[in-house]
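Worksheet: the structure to be examined is printed underneath.
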Amino acid sequence: VLVAAGYFFYRRGVIDNATATNLSEMLSKYVIPCAIIVSFQREFDRLLAFQLLILFLCALGVFFIIIFIARYLYPQGSGNNADRQMCLMFSNNGFLALPLLQSMFGDYGVFLGSAHIVATAVVLWTYGVSLMEGSAFTMDFKKKIFLNSGVIAMFLGLIVFISPVKMPQNL
């Protein structure tokens, strides 16, 4: 429904390319991180913390498997191998996944889904950038990992989750 609405408004001229770019930036830098932080607004539970850690590690494991498959399917020297590997490895897991998780599982789904968003950011800004640029992992990549809005939101969310102090429910 969200994709259909976007297509409808684009075809009607309500949204143009510049508006779509601005909306995407607003979503990725502000709305999604806020949704992540709000999803961590819950009492600390060891089991939930363990599940979050396991999901993060599983996401990293899946990325390693996909990297292996991508390198096999699109070896070095084949045309556009880096672009093809990137397309195979990375999805747009924030824009549609979080609203879907929110609607199906509520804040619990967003809470657990944030582990995949952080894993994606780590792999994208390390392996992904070095693959596309053909360069080694540098300090600039490390900054981009930790300054990524999804990663910052998860760390702030973890502080809210671990802390006994919670944000007000109704602002």
Side-chain angles (χ1 to χ4, degrees), residues 1-37 39 52-104 109-157:
V1 172
L2 290 173
V3 173
Y7 179 77
F8 173 80
F9 289 125
Y10 183 80
R11 297 298 282 170
R12 295 279 184 202
V14 175
I15 298 174
D16 59 7
N17 287 339
T19 304
T21 299
N22 291 336
L23 286 172
S24 293
E25 186 173 334
M26 183 180 71
L27 278 171
S28 64
K29 288 186 177 179
Y30 304 107
V31 175
I32 291 172
C34 287
I36 291 172
I37 293 169
S39 75
L52 189 69
L53 176 64
I54 292 299
L55 284 170
F56 176 74
L57 294 175
C58 286
L60 287 178
V62 168
F63 274 118
F64 288 124
I65 292 168
I66 293 172
I67 288 169
F68 176 76
I69 292 169
R71 292 180 76 149
Y72 176 76
L73 290 175
Y74 304 110
Q76 191 75 9
S78 64
N80 296 331
N81 68 308
D83 292 341
R84 291 175 181 179
Q85 287 182 29
M86 290 290 285
C87 288
L88 185 64
M89 287 184 281
F90 298 105
S91 65
N92 189 349
N93 68 344
F95 282 148
L96 291 178
L98 285 182
L100 184 62
L101 287 170
Q102 179 69 41
S103 66
M104 292 176 63
V110 176
F111 174 80
L112 293 177
S114 66
H116 190 275
I117 290 171
V118 172
T120 300
V122 169
V123 176
L124 177 66
W125 289 108
T126 54
Y127 180 77
V129 172
S130 64
L131 174 69
M132 293 303 290
E133 293 185 354
S135 60
F137 182 61
T138 65
M139 187 55 123
D140 189 44
F141 295 159
K142 293 176 189 174
K143 286 181 194 173
K144 288 182 179 178
I145 292 170
F146 295 110
L147 296 179
N148 176 286
S149 58
V151 173
I152 291 170
M154 185 163 173
F155 283 125
L156 290 174

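Remark: Phe155 engages no residue in a ring pair (Phe, Tyr, Trp, His ring centres under 6.0 Å) (not counting sequence neighbours). Considering only residues two or more places apart in sequence or on other chains, Leu55 meets the side-chain contact (heavy atoms from CB on, under 4.5 Å) condition with Leu112, Ala115. Considering only residues two or more places apart in sequence or on other chains, Ile69 meets the side-chain contact (heavy atoms from CB on, under 4.5 Å) condition with Ile65, Leu73, Leu88. Partners of Arg11 by side-chain contact (heavy atoms from CB on, under 4.5 Å), not counting sequence neighbours, listed by chain and number: Tyr7. Ser39 is linked by a side chain to side chain donor-acceptor pair (under 3.5 Å) to nothing, counting only residues two or more places apart in sequence or in another chain. A search for side chain to side chain donor-acceptor pair (under 3.5 Å) contacts involving Asn22 returns nothing, not counting sequence neighbours. Looking at residues two or more places apart in sequence or on another chain, you find a ring pair (Phe, Tyr, Trp, His ring centres under 6.0 Å) between Phe63 and Phe90, His116. Residues passing the side-chain contact (heavy atoms from CB on, under 4.5 Å) test with Leu53, sequence neighbours excluded: Leu57. By the side chain to side chain donor-acceptor pair (under 3.5 Å) test, Tyr10 is found to be paired with Asn17, residues two or more places apart in sequence or in another chain being considered.
A donor-acceptor pair under 3.5 Å links the side-chain atoms of Asp16 to the main chain of Thr19, judged by distance alone.
Rounding to the nearest 0.5 Å places CG of Leu156 at 4.5 Å from CD1 of Ile37. Rounding to the nearest 0.5 Å gives a distance of 12.0 Å between CD1 of Ile32 and OG of Ser114. Remark: Leu60 CG to Thr120 OG1 distance equals 9.0 Å, nearest 0.5 Å. Separation of atoms CD1 (Ile152) and CD1 (Ile36) is listed at 11.0 Å; rounding is to 0.5 Å. Of the inter-residue distances, the one linking Leu27 atom CG with Cys34 atom SG reads 11.0 Å to the nearest 0.5 angstrom.
Between Met154 and Phe111 there is no side-chain heavy-atom pair separated by less than 4.5 Å. Two residues are said to be in side-chain contact when any heavy atoms from C-beta on lie closer than 4.5 Å; Val123 and Met89 fail this criterion.
Identified under the side chain to side chain donor-acceptor pair (under 3.5 Å) test for residues 60-77, with sequence neighbours left out: Gln76-Asn81.
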